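Computed from a predicted structure; not experimentally measured.
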Amino acid sequence: MAFGRRRKTKAEETAGTEAAAENAAAGEPADAGSGAVQAAGGPYDLSERPSEEGYIDLGALRIAASQGLQLRLEVEEKTQRVVAVTLDLEGSSLQLQAFAAPRSETLWDDIREQIGKSVASQGGTVDERSGIFGTELLARVPAQAQDGSKGYRVARFIGVDGPRWFLRGVFGGPAAMNPDAAGPLEEVFRNVVVVRGDQPLPPRDLLQLRLPRDASPLPRPDKAAAKPAAPERGPEITTIG
């Protein structure tokens, strides 16, 4: 298991808010079509899986350890708070965010609508479909490939409503479109445990994430010796034509 940290740029923060409906929330478990916890037997509330054995403790989220799984915590530059965790496995990625939610309201339907409007405003398209975690979205946004050709960036959005929390996942890379490639990360998502906590929080507030207790942040390089960071791998770009 590898750990890392990266800062989110202002552009990423804005894109995340618009395209992913970052401050989303939901309430009590809903029906399977809305992405209910019961749809696939998980993700789980802490009350269902209280043991930490075999899990990496990130505060609001516990991730089941898996061979080859790499973990990155994304830090909001302005506030220095951890706003998301991205998991990389076998060439694909899965971004996770957990939010506080009211007791008697689900918002995944509204969030899907917001994502659709945001993608459309960028000239992209969204397909709504039924998946193993309920209703999900496959978004395609125009993008330019490294060779200069025109294409589109693909992201698969899933959402699960739990008791006083909402968990959102975004698949990138081959897992966004290829069911076989998605399998390993879907299993990781299915085994996530959400730790809502008892403290009162406004609906749609991000639940607090942190580095695991047994992990250390990556060392900060000296400015004189610093090298440009490797480009962050985003969702898969598919060439048109």
Side-chain angles (χ1 to χ4, degrees), residues 8 10 12-50 57-63 73-87 94-121 126 128 131 133-137 139 155-171 189-211:
K8 290 178 75 69
K10 186 65 178 177
E12 288 175 318
E13 294 167 24
T14 303
T17 300
E18 293 177 352
E22 205 165 64
N23 290 330
E28 297 292 335
D31 63 335
S34 297
V37 172
Q38 296 94 325
Y44 299 94
D45 184 72
L46 178 63
S47 62
E48 298 173 295
R49 291 200 172 181
D57 187 353
L58 302 177
L61 294 176
R62 292 180 184 173
I63 310 297
L73 297 180
E74 301 188 20
V75 180
E76 187 178 51
E77 187 171 7
K78 182 177 180 180
T79 64
Q80 292 298 297
R81 67 172 178 167
V82 180
V83 296
V85 56
T86 298
L87 308 171
L94 170 62
Q95 185 197 68
L96 297 174
Q97 289 180 299
F99 304 85
R103 292 182 180 276
S104 57
E105 185 180 1
T106 60
L107 295 182
W108 181 220
D109 290 344
D110 292 338
I111 298 311
R112 294 200 308 274
E113 182 178 354
Q114 292 174 21
I115 294 171
K117 289 179 178 179
S118 177
V119 172
S121 72
V126 168
E128 187 170 284
F133 298 102
T135 304
E136 58 184 48
L137 295 178
R156 173 189 168 201
F157 292 82
I158 58 177
V160 171
D161 300 309
R164 299 175 62 230
W165 53 260
F166 174 82
L167 180 64
R168 195 210 68 196
V170 186
F171 291 92
F189 185 81
R190 181 181 289 109
N191 285 296
V192 168
V193 175
V194 180
V195 183
R196 167 60 176 82
D198 297 326
Q199 70 275 24
L201 291 171
R204 307 188 180 205
D205 263 20
L206 278 167
L207 299 183
Q208 187 173 357
L209 294 169
R210 57 170 171 75
L211 270 174

Q: Over 60° means perpendicular and under 30° means parallel, so classify the ring planes of W108 and F166, tilted if in between.
A: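 Ring orientation of F166 relative to W108: tilted.
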
Hey, what do you get for [atom1] ([X]) to [atom2] ([Y]), rounding to the nearest 0.5 Å?
X    : Y    : atom1 : atom2 : result
L73  : L61  : CG    : CG    : 10.0 Å
T106 : I111 : OG1   : CD1   : 10.5 Å
F189 : I158 : CZ    : CD1   : 3.5 Å
Q199 : L207 : CD    : CG    : 7.5 Å
L206 : R204 : CG    : CZ    : 12.5 Å
F171 : L87  : CZ    : CG    : 9.5 Å

Q.
L96 and side chain to side chain contact (heavy atoms under 4.5 Å, CB included): which single residue from V194, V170, V192, T86 fits?
A.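 One option only clears the test, and that one is V192.
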
Q.
Does any part of the side chain of V75, heavy atoms only, come nearer than 4.5 Å to the side chain of Q80, both counted from C-beta?
A.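 Yes - at least one pair of side-chain heavy atoms lies under 4.5 Å apart.
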
Q.
Within the structure provided, determine whether L201 and R196 are in side-chain contact (heavy-atom separation under 4.5 Å).
A.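 When only atoms from C-beta onward are counted, R196 and L201 do touch, with a gap below 4.5 Å.
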
Q: Show your working on side-chain contact (heavy atoms from CB on, under 4.5 Å) between R49 and N191 and close with a plain yes or no.
A: CA-CA 10 Å; R49 291 200 172 181; N191 285 296; 3.2 Å; yes

Heavy-atom pair with the smallest gap, counting every atom of [X] and [Y]:
X    : Y    : result
Q97  : L167 : O-CD1, 3.3 Å
W165 : V160 : CZ3-O, 3.9 Å
A100 : P202 : CB-O, 3.7 Å
G197 : R164 : O-NH1, 3.5 Å

Q) With distance as the sole test, does R62 use its side chain to make a donor-acceptor pair with the main-chain N or O of P50 at under 3.5 Å? A)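 Present.
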
Q) Under the side-chain contact (heavy atoms from CB on, under 4.5 Å) criterion, do Q95 and R168 qualify, and how do the steps go? A) CA-CA 8 Å; Q95 185 197 68; R168 195 210 68 196; 2.3 Å; yes

